[in-house]
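Notes follow the structure.
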There are 2 protein chains.
Amino acid sequence: MADEQLTLGRFLCFAIYSANHAFNRVYKPLLDKLGLTYPQYLVMVILWEDDDQTVGRIGERLYLESSTLTPLLKRLEAAGYLRRERDMSDERQVRVRLTDSGRQLRGQAAVLPGCIIEASGLGIEKLQQLQGDVSRLRDALMTFGQDDEASGK
Amino acid sequence: MADEQLTLGRFLCFAIYSANHAFNRVYKPLLDKLGLTYPQYLVMVILWEDDDQTVGRIGERLYLESSTLTPLLKRLEAAGYLRRERDMSDERQVRVRLTDSGRQLRGQAAVLPGCIIEASGLGIEKLQQLQGDVSRLRDALMTFGQDDEASGK
DNA sequence: GCATATTGAGTTTTTTGCGATTTAATCGTG
DNA sequence: CACGATTAAATCGCAAAAAACTCAATATGC
């Protein structure tokens with residue numbers, strides 16, 4: 001029973017870990033053409049959905065700290081895809097906005113999700129269900145972490 | 001239809017990406033006590049299952065290249081958990097073997113999977129099903145990548 | 001038996017990611 | 001208003017991961 005749990009628990013985390021790698025490998029050649037890395041692509045996706053967000057808000061959605069995002073955003077700024085400007089009314093915040101070049105990239109990136117769906121070899125329903133299950137798992141894991149902090153300290 | 005695909009494909013990869021992060025965060029405090037990182041833990045798990053493997057074989061099972069594994073294995077060697085020795089009969093290969101200290105670590109790591117199962121908040125059946133689904137997704141993505149190389153080049 | 005191809009690890013460099021600390025701006029309270 | 005507390009982002013230092021490339025050992029073809 002204990003051994004059974006051992007095996008199961010180990011393998012779900014490994015399945016997620018290796019599936020993440022596999023996604024990376026499929027995305028890599030496609031993203032190379034756009035000059036983006038995978039985390040950079042995720043930031044662009046967020047901005048294509050809602051332009052003009054603060055660093056903190058982007059971090060909330062991607063679960064990343066400012067220490068990770070700041071250099072990443074600077075690289076995207078250097079590539080000409082976005083601008084970083086202090087908010088007028090609250091100068092602690094930095095607002096991130098797409099440039100024309102960044103908006104144009106969206107068209108070129110539009111083929112990506114289709115490629116991924118094809119590569120997954122799964123139907124839309126199954127993909128949708130998996131996305132829901134994995135997202136709920138993530139939320140449970142994150143909640144657990146917070147509980148731990150609250151009770152442990 | 002095209003837009004629907006866009007959203008789905010994007011979010012499944014993000015669900016996996018963020019779930020992987022969440023696993024990392026849950027594992028981190030537990031692994032810190034053992035002086036291991038998450039990928040280092042995965043290597044140890046493989047060696048606990050089958051000791052005395054080559055770098056290449058470990059890479060096959062974890063889907064990692066030697067460029068990733070070599071530095072990682074050197075750190076584990078420096079920590080005293082394993083030894084790396086050239087194979088006598090084929091000196092291109094390096095055989096990786098646990099030390100006594102590395103074998104002892106298994107006992108301390110035994111609590112981890114239970115913690116992860118608890119953190120996931122899911123039942124054994126659901127975990128098992130998810131593990132299967134995500135593993136199959138990974139295999140499909142990897143097969144696609146290989147097809148791509150074979151036909152594309 | 002020798003030249004070439006292939007294989008297996010290692011090296012180098014860039015990006016990612018986190019924790020701890022720092023700086024600057026804003027908020028609250030007296 | 002002024003003081004300290006809080007917030008947002010940036011910086012620094014570090015470990016890790018991934019890709020491109022190199023190097024050495026073995027295998028293969030002639």
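First the proteins, then the strands, lettered A, B, ... as listed; each starts at 1.
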Q: With DNA chain D as reference, determine whether Arg86(A) or Gln40(B) sits nearer its 5' end, using the nearest nucleotide of each.
A: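 Nearer the 5' end of the strand: Arg86(A).
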Q. Starting at the 5' end of DNA chain D, which residue's closest nucleotide do you reach first, Tyr17(A) or Arg95(A)?
A.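 Checking each residue's closest nucleotide, the 5'-ward one belongs to Arg95(A).
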Q) Which of these nucleotides, dA10(D), dT7(C), dA8(D), is closest to any side-chain atom of Val55(A)? A)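 For Val55(A), the side-chain atoms sit closest to dA10(D).
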Q: Consider the side chain of Glu91(A), meaning its heavy atoms from C-beta on, and name the nucleotide among dT11(C), dG10(C), dA25(C) that approaches it most closely.
A: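 The answer is dA25(C).
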Q | DNA chain C: 5'-proximal contact among Leu64(A) and Asp90(A) (nearest heavy atom) | A |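 Nearer the 5' end of the strand: Leu64(A).
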(Q) Here's a test of your reading of the structure: between Tyr38(A) and Ser89(A), which maps to the more 5' nucleotide of DNA chain C? (A)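 First, find each residue's nearest nucleotide; the 5'-ward one identifies Tyr38(A).
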Q | Under-3.5 Å donor-acceptor pair between Thr70(A) side chain and dA10(D) base | A |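 Absent.
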Q | hbond_proxy Ser67(A) side chain to dG17(C) base (donor-acceptor, 3.5 Å cutoff) | A |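 Checked by distance alone, the answer is no.
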**Q.** Pair Arg97(B) + Glu85(B): basic N to acidic O under 4.0 Å
**A.**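 So Arg97(B) pairs with Glu85(B) through a salt bridge.
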Q: Indicate yes or no: does Asp133(B) engage Lys126(B) in a salt bridge with an N to O separation below 4.0 Å.
A: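 Looking at Asp133(B) and Lys126(B), the cut-off is not met.
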**Q.** Nucleotide dA20(C), atom C1' - distance to CD of Glu65(A) in whole Å
**A.**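 Computing the Glu65(A):CD to dA20(C):C1' distance gives 12 Å.
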Q. Whole Å only: how far is the CG atom of Leu62(A) from the P atom of dT16(C)?
A.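 Those two atoms, CG and P, are 12 Å apart.
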(Q) By the 4.0 Å heavy-atom rule, please label Thr68(A) as base, sugar-phosphate, or nothing. (A)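 Answer is base: heavy atoms of Thr68(A) come under 4.0 Å of a base.
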Q) What is the nucleic acid contact for Arg25(B), judged by heavy atoms within less than 4.0 Å: base, sugar-phosphate only, or nothing? A)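 It contacts sugar-phosphate atoms only.
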